[in-house]
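These numbers come from the heavy atoms of this one structure, side chains and all, not from hydrogens, waters or symmetry mates. Just so you know, ligand 1 is whichever comes first in the structure, and atom 1 is the first atom listed for that ligand. Along the sequence shown, the residues carry numbers beginning at 1.
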Amino acid sequence: ATAQIGVTGLAVMGRNLARNFARHGYTVAVHNRTPTRTKALVEEFGHEGAFVAAETAEEFVAALERPRRLMIMVQAGAATDAVIEEFASLLEPGDMIIDGGNAHFAETRRRERALRERGLHFVGAGVSGGEEGALNGPSIMPGGSPEAYASLGPMFEKISAKVDGEPCTTHVGTDGAGHFVKMVHNGIEYADMQLIGEAYDLLRQVAGFSPAAIAEIFREWNKGRLDSYLIEITAEVLAHTDAATGKPFVDVVADAAGQKGTGRWTVQTALELGSPVTAIAQATFARAASGQSALRGAYRGLPGGTSWDLTSYEAERFTAQVEQALYASKLIAYDQGWKMILDAADEFGWEIDLGAVAKIWRGGCIIRAAFLDRIRAAYAADPGLVSLLSDAGFAAEITDAQVPWREVIAIAARRGVPVPAFSAALSYYDSLRAERLPAALTQGQRDYFGAHTYRRVDREGSFHTLWGTADRAETEA
Ligand code: NBP
């Protein structure tokens with residue numbers, strides 16, 4: 001037994017993670033259900049480091065030094081359970097199974113509990129950054145026991161992305177905390193992408209800029225506070241011309257967006273937790289709406305907003321306003337994601353260091369951005385932040401964005417340009433800062449039709465009004 005780590009499941013992600021471990025000096029046992037993948041890996045990349053190719057599960061387990069570290073990189077769902085079952089019976093107490101796939105955190109909690117009872121450590125580790133990240137440095141979000149992290153952490157720290165010399169990995173929390181945080185990362189990613197899409201749409205439809213001109217605007221933005229991987233690649237996509245037609249690439253792509261499910265999981269889970277992640281939800285629904293072709297056919301041609309041409313001065317001014325609106329909305333979307341992690345930590349008993357989460361998302365993952373270092377710094381200054389807006393710097397920025405943020409959304413409404421995520425972010429902001437909400441009226445309605453009772457602002461207790469009686473007397477429930 002010579003291998004410090006084993007990777008089973010050698011499709012793009014597993015193969016690249018195995019190579020990443022090997023390139024960092026680890027001896028890596030490699031295994032795949034179909035052995036041709038294992039052979040191909042060693043033939044093609046064997047020169048990169050020390051691999052031990054294992055054809056059978058028994059050979060694979062025997063190749064691992066103890067306590068064993070066995071990483072699973074197979075399709076999430078039933079395949080993961082099948083592989084866990086196959087290997088768990090070959091392992092011994094104290095061994096570790098790491099699931100680096102995109103598992104649902106509730107499944108991870110279930111698997112962790114079952115394996116703990118068998119004396120095994122199960123570490124659900126979110127891995128972000130796609131195949132390129134897996135090879136050159138992903139952001140790794142491991143959950144599981146502190147003992148398992150003590151053994152695995154140094155290895156993850158070696159292979160993860162680095163920002164300012166610091167690894168983009170940390171022990172997120174116990175059981176499913178790692179996969180939970182990875183899920184929210186993807187939810188935030190949906191929101192970020194949608195917000196960028198809305199900014200593009202506004203610059204095109206309202207200001208009349210071409211995709212190439214918008215690419216330039218995004219390149220400019222990428223030098224400022226919006227500096228991020230997503231803005232960078234957006235500029236690349238917008239600047240790209242389709243070779244076959246000579247048209248902007250973005251104009252030849254069908255406008256129906258796909259989703260693999262992690263965004264949907266974020267919204268489903270948020271509903272269960274009562275976490276109002278409205279910008280993330282709107283981003284997810286925007287993808288769903290884009291795919292409703294029959295429905296879009298039925299709506300197409302219905303009246304929209306008014307249109308008029310902007311002068312170049314106005315277009316420039318509008319561009320600066322869109323930058324403000326995008327930044328403010330993004331700040332809210334992230335704040336929603338962060339709060340959802342806090343809510344889950346309460347619900348599931350996780351101790352999650354929110355500043356550490358910001359820190360490990362600075363590199364390796366899709367939402368990596370300069371902005372995350374700001375969030376890290378905000379938590380460093382006050383680890384107990386309830387909201388990012390409790391930080392003086394962020395509060396100042398949202399204050400500064402007020403007029404342009406509202407103006408951009410008003411213009412979008414007048415022109416008939418859809419901005420579901422921008423509007424959701426602003427409404428969320430206005431809801432939470434409100435002195436009074438119409439939720440009081442909701443409570444009145446609920447008491448009227450369902451005797452759901454209500455609390456009063458001036459006295460303790462639960463009350464019910466006898467709506468059916470002439471005097472509508474109030475009773476104490
Ligand atoms: P896939 O998700 O395409 O899965 C292919 C792998 O699963 C192959 O090794 C295949 O073995 C194995 N497998 C399957 Br399918 N069913 C199996 C079973 N019943 N028993 C054993 N092995 C089985 O691979 P991927 O795209 O590399 O992703 C791996 C994991 O990483 C997934 O959970 C994915 O969600 C996650 N992830 C992917 C990305 C990404 O950018 N692709 C990013 C982050 C996380 P075979 O070769 O014998 O068919």
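- The shortest N or O to N or O distance between Met13 and ligand 1 is under 3.5 Å.
- Scanning the protein for heavy atoms near atom 29 (C) of ligand 1, the closest one is Met73 O, 3.5 Å.
- Contacts between Thr8 and ligand 1, counted as non-hydrogen atom pairs separated by less than 4.0 Å, are absent for every part of the residue.
- Set against the non-hydrogen atoms of Ala79, the atoms of ligand 1 under 4.0 Å away are 14 (C), 16 (N), 17 (C), 18 (C), 19 (N).
- Polar contact check, Arg33 against ligand 1: a nitrogen or oxygen pair lies under 3.5 Å apart.
- If you check which protein heavy atom lies closest to atom 47 (O) of ligand 1, you get Arg37 NE, 2.6 Å.
- Of the protein's non-hydrogen atoms, Asn102 CB, 3.3 Å is the one closest to atom 35 (O) of ligand 1.
- If you look at Leu10 next to ligand 1, the close heavy atoms, those under 4.0 Å, all belong to the backbone.
- Applying the 4.0 Å criterion to heavy atoms of Val12 picks out, from ligand 1, the atoms 26 (O), 27 (O).
- Here the protein heavy atom with the shortest distance to atom 9 (O) of ligand 1 is Asn32 OD1, 2.7 Å.
- The ring of Tyr327 has its center closer than 6.0 angstrom to the ring center of Phe371.
- Atom numbering of ligand 1 starts at 1 in the shown order; those under 4.0 Å from a heavy atom of Gly9 are 9 (O).
- Close contacts of ligand 1 with Val127, meaning ligand atoms under 4.0 Å from a residue heavy atom, involve 44 (C), 45 (C).
- Using a 4.0 Å cut-off between heavy atoms, Gln75 contacts ligand 1 through both its backbone and its side chain.
- Counting only heavy atoms of the protein, atom 5 (C) of ligand 1 lies nearest to Ala11 CB, 3.7 Å.
- In terms of modelled atom types and a separation under 3.5 Å, the side chain of Glu198 and the main chain of Ala421 share a donor-acceptor contact.
- The protein non-hydrogen atom at the shortest distance from atom 46 (P) of ligand 1 is Thr34 OG1, 3.4 Å.
- The cationic group of Arg287 lies under 6.0 Å from the six-membered ring centre of Tyr190 and within 45° of the ring axis, placing it in a cation-pi geometry.
- Nearest to atom 32 (C) of ligand 1 among the protein's heavy atoms is Val74 O, 3.4 Å.
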Check residues 379-392 and write down every donor-acceptor pair under 3.5 Å in which the side-chain atom is one partner and the other belongs to a residue at least two apart or another chain.
from	atom 1	to	atom 2	distance (Å)
Asp382	OD1	Gly384	N	2.9
Ser387	OG	Asp335	OD1	3.4
Ser387	OG	Asp335	OD2	2.7
Ser387	OG	Leu389	N	2.9
Ser390	OG	Ser387	O	3.2
Asp391	OD2	Gly393	N	3.1
Asp391	OD2	Phe394	N	3.1

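- Distance from atom 20 (N) of ligand 1 to its nearest protein heavy atom, with residue and atom name: Val83 CG2, 3.6 Å.
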- Item | Criterion ring-ring contact (aromatic ring centres under 6.0 Å, His included) on Tyr200 and Phe218, from CA distance to verdict | CA-CA 9 Å; Tyr200 149 76; Phe218 281 6; 7.6 Å; no

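- Contact atoms of ligand 1 toward Gly130: 41 (O) (distance under 4.0 Å to a heavy atom of the residue).
- Classified by interplanar angle (parallel below 30°, tilted 30° to 60°, perpendicular above 60°), the ring pair His240/Phe249 is tilted.
- Looking at Arg111, its side chain never comes within 3.5 Å of a backbone N or O of Thr108 through a donor-acceptor pair.
- The minimum heavy-atom distance linking Gly187 with Ile280 is given by the pair O-CG2, 3.5 Å.
- Shown here are the salt bridge (Lys or Arg N to Asp or Glu O under 4.0 Å) partners of Arg376, two or more places apart in sequence or in another chain: Asp373.
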